[in-house]
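These notes concern the structure reproduced below.
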Amino acid sequence: MEYFLQQLINGLTLGAIYGLIAIGYTMVYGIIGMINFAHGEIYMIGAFISFIAFLVLGAIGVTWVPLALAIVLVVAMLFTSVYGWTVERLAYRPLRGSFRLAPLISAIGMSIFLQNYVQLLQGARVKPLQPIVTGGFVIMEGGGFSVYLSYLQIIIIVVTTVLMAMFWAILSRTSFGRAQRACQQDRTMAGLVGVNVDRTISLTFVAGAALAAVAGLMVTLHYGVIDFFIGFLAGLKAFTAAVLGGIGSLPGAMLGGVLIGLIEAFWSAYFDVEYKDVAAFGILILVLVFKPTGLLGRPEIEKV
Amino acid sequence: MSARAGSPDFPGILRDSGLVALVALFLAFPLVGFHTIDQGGGAGMGIETRFPWVVVAVAAAFVGRFLQLALLRTHAPVAVERSLSRLGEVFQRNTVWIAAAAITFAIVLPMLPFADRRLVDLATLVLTYVMLGWGLNIVVGLAGLLDLGYVAFYAVGAYSFALFALHFDFTFWMALPIAGLFAAAFGVLLGFPVLRLRGDYLAIVTLGFGEIIRIILLNWYPVTRGPNGISDIPRPSFFGLEFTRRPAEGEVAFHEFFGLEYSGLHRIVFLYYLILALALITNLFTLRIRRLPIGRAWEALREDEIACRTLGINPTNTKLSAFAIGAMFGGFAGSFFAARQGFVSPESFTFVESALILAVVVLGGMGSQVGVVIAAIILVGLPEWFRDLQEYRMLVFGGAMVAIMVWRPRGLIAHRDPTVRLGVPQRPEPSA
């Protein structure tokens, strides 16, 4: 029971991170119907920018942890969203209206490019970061096993929840949110009634990248090591989460993220840890085969 | 673009370039401007600044954008576009001659005076990718299914030969058809459930499948020996004649049979001809099957699935056949790879490899056989030759994938008339 509870906490933490990345996939898919393959790389860049920001803050002597965290959060979101914007502008916008696979191939190229760009600039070695948020408390003890909840896990879950709520409010209350939803339904029509479609799409990428940057920051704190290759697997899993929850649906992305996080945590705990990625991909395949619309997605209507 | 035709609008251009430079500043500042350094000895990570690089990057962005707007505008790209299109047309008109010349060149290559061991080895490598490209072309180019896990079938082919050789003493020639069959079986296994999915879902699922295969190869230690890989895979023989200096008791070696002096080059040249033959078989197969109903169905399905369904083509079965046949050629190439290296390990079958093969197909122009050869030479041959630039290879190659999609989504020298045309033959529209 205690062990189970501990895995539940670990899984939720992991799931919150996946959920943040999955939102980027799901929103982009909802609005332009393409898989933003480079989104995992955006997340990786977010992690690197956070990492560098921590080192810079350490070097100039900002050591009060809450302040450092807040600064890094803002810095990472700001710079990463410029990357998100640029990727859309360079690699996807010129291809709107091109044949179906073109944006996807371009996205794969972008992903390879960004990976190697970071590798060349920052080196291929794994980068360790000294723990910044330490400590925690035991919430339950029994059977020689104590359930431990670290402050970091609390921060991750709280920040994620707050961000998602904020994002949800933006999408449902603001004019950008209205435009975004209008473009999801019908881009041409939205354009005809005066929505600036290009700007809306750009902003969608910016928002997705900002959330991915937060995920990158969380991972940097959580694992304490990053390298240029982390975007690939995390991106795949977040995409799985988006599909599992129903691609195009925002609550679906969060739900899918949490589910994938839980599955991964429990699989590692009770089965072979080497095969935890296989479990995630297996689920992706099963979901696509048996319920392609995902848990909360709407069925896609094919028009001739 | 604010510049009108005629006189360039300089204030507009300057403003635009300024914006680009600002974006470049934001992009470059965190990742170019700072460099993390490992201080070693438990001191943790240190950081150093590289601000001159940022200045260079920003200036390059400004100047680049300025030149692009002020000088090139639209004229030069159109001219290049037109000449590439014409090149594609010329290629297509004279396919037979070009193909004949290329094949002749490929056949005499090992006999040419400058053909040393390194060159033949390199040519063998390039041909392996040509074959993989042609195999994947059946799936991506003809059937229009984006397969990001092609390397999985390559791996299945390589490992089935390795394992059969290890456990049952199979030779290359016995294992070759089995490797192809296994790979095709895996193709069916994967394809059957997922082929009814939309194109981009299919891409992700195949990607996931490629990773699953790699993870299994890495972790299923008792069978695959994990990361250590399988070594001592037997080399292929020439109709039972081994390429060894001293053959086993009762066997005849190649050089003894033909009364030649022993030379290590014999085997290399033989492997070269072997992959040449395998690649040409793949090509011939593709060219012929394109004219069969099934090949026509593939191409029709790529263009419009709904129309195909109304015409009574079963999309799942048709796609499945393309998937399985593509996988089979991947398997053949895989067992050749195992035979050539004499060693297989999961490291050779990463996603980057899949992306490389896909890039060979895409950059050459999807569906174009000649394009695959040219792209393989550019993407595989050149980087191997200029080893010093290895670091930048993947960077350039990702960038090139984006640039080519943006600029010529149908591939560099893509120009292909439809296989069948109704009515009076007319000049095809230039591909957009």
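Chain letters run A, B, ... following the sequence lines, proteins first and then strands; every chain starts at 1.
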Quick one: side chains of residues 73-82 of chain A, donor-acceptor pairs under 3.5 Å with protein atoms, not counting sequence neighbours, listed by atom name and distance.
from    : atom 1 : to      : atom 2 : distance (Å)
A:Thr80 : OG1    : A:Ala76 : O      : 2.5
A:Ser81 : OG     : A:Met77 : O      : 2.5
A:Ser81 : OG     : A:Leu78 : O      : 2.9

With a 3.5 Å cut-off and sequence neighbours excluded, list the donor-acceptor pairs that the side chains of residues 229-246 of chain A form with protein atoms.
from     : atom 1 : to       : atom 2 : distance (Å)
A:Lys237 : NZ     : A:Glu264 : OE1    : 3.3
A:Lys237 : NZ     : A:Asp277 : OD1    : 2.8
A:Thr240 : OG1    : A:Leu236 : O      : 2.8

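Between atom CG of residue A:Leu90 and atom CZ of residue A:Phe113 there is a gap of 9.0 Å, rounded to the nearest 0.5 Å.
Nearest approach of A:Gly84 to A:Phe205, heavy atoms of both residues: O-CB, 4.0 Å.
Residues from residues 351-360 of chain B that place a non-hydrogen atom less than 4.5 Å from a non-hydrogen atom of chain A comprise B:Phe351, B:Ala355, B:Leu358, given in numerical order.
For CZ of A:Arg199, the number of neighbouring non-hydrogen atoms (other residues, nucleotides, ligands) closer than 6.0 Å is 12 at most. Other residues, nucleotides and ligands contribute over 12 non-hydrogen atoms within 6.0 Å of the CZ atom of A:Phe54.
Contacts with chain B were tallied for A:Leu114, A:Val118, A:Val56; A:Val56 has the most, counting heavy-atom pairs under 4.5 Å. Here B:Leu395 is the residue among B:Asp304, B:Leu395, B:Val402, B:Leu190 with the most heavy-atom pairs under 4.5 Å with chain A. Of all the listed residues (B:Leu218, B:Val205, B:Leu27), the one sharing the greatest number of non-hydrogen pairs under 4.5 Å with chain A is B:Leu27. Among the candidates A:Gly58, A:Ala102, A:Ala59, the residue making the largest number of heavy-atom pairs closer than 4.5 Å to chain B is A:Ala102.
For A:Leu120, the part lying near chain B is the side chain, with the backbone staying farther off; criterion is any non-hydrogen pair under 4.5 Å. When heavy atoms are compared at a cutoff of 4.5 Å, A:Arg89 does not approach chain B at all. Proximity to chain B (any heavy atom under 4.5 Å) is shown, for A:Phe290, by neither the backbone nor the side chain. Using a 4.5 Å cut-off between heavy atoms, A:Leu95 contacts chain B through its side chain alone, with no backbone atom that close.
Qualifying side-chain contact (heavy atoms from CB on, under 4.5 Å) partners for A:Val278, counting only residues two or more places apart in sequence or in other chains: A:Tyr275, B:Ile212, B:Ile215.
A perpendicular orientation is assigned to the rings of A:Phe51 and A:Phe48, their planes being inclined by more than 60° (bins at 30° and 60°). Note on ring orientation: taking the six-membered ring where Trp is involved, the planes of B:Phe51 and B:Phe34 are perpendicular (angle over 60°, cut-offs 30° and 60°).
Aromatic ring centres of A:Tyr83 and B:Phe26: separated by at least 6.0 Å.
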